[in-house]
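Worksheet: one structure, shown below.
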Amino acid sequence: IASGDVAVPNLVGVEAIQAKTTLIQAGFLIKEFYDYDASQPLGVVIRQAPDAGTTQTIGKSVTITINRAP
């Protein structure tokens, strides 16, 4: 898809490198943040915005929060 809107993939629980690859392949820009959630493995996405399944214009940013030790 060269232009238009695509669905945002579900990235929560996905390893950060895989999540970034998925977003790049879908045509999104990435904003990364870090936080700590003891109930989740380190290095996985614990939050994203916009939510999975919502449509977003190609070239827009998707924000992912990656779990890392405090």
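Bear in mind that the values here come from a model prediction, so they are computed numbers and not experimental data. Heavy atoms only: backbone and side chains are in, while hydrogens, waters and symmetry mates are out.
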Tell me which donor-acceptor pairs under 3.5 Å the side chains of residues 60-70 have, and how far apart each pair is, sequence neighbours excluded?
unit_1, atom_1, unit_2, atom_2, d
Asn67, OD1, Asp37, N, 2.6
Asn67, ND2, Asp37, O, 3.0
Asn67, ND2, Gln40, O, 2.9
Asn67, ND2, Pro41, O, 3.1

Using the rule that two of Ile, Leu, Val, Met, Phe, Trp, Tyr join whenever any of their side-chain heavy atoms come within less than 4.5 Å, decide whether Leu29 and Val6 are in one cluster.
no

For Ala19 against Val14, the heavy-atom pair lying closest together
N-CG1, 3.7 Å

Please list, chain by chain and in numerical order, all residues satisfying side chain to side chain donor-acceptor pair (under 3.5 Å) with Thr54, sequence neighbours excluded.
none

For Thr55, all residues meeting side chain to side chain donor-acceptor pair (under 3.5 Å), sequence neighbours excluded
none

Pairs involving residues 12-36, ordered by first then second residue, that meet side-chain hydrogen bond (donor to acceptor under 3.5 Å, both in side chains) (sequence neighbours left out)
Gln18-Thr22, Lys20-Glu32, Glu32-Tyr34, Asp35-Arg47

Quick one: name the residues clustered hydrophobically with Phe33, using the 4.5 Å side-chain heavy-atom rule over I, L, V, M, F, W, Y, and just say none if it's on its own.
none

Non-hydrogen side-chain atoms of Ile46 and Val12 separated by less than 4.5 Å:
no

Where do Val45 and Leu11 come nearest, in terms of heavy atoms and distance?
CB-O, 3.2 Å

Side chain to side chain contact (heavy atoms under 4.5 Å, CB included) partners for Ala52, two or more places apart:
Asn10, Gln48

Phe28 and Pro9 have their tightest heavy-atom pair at CE1-CD, 4.2 Å

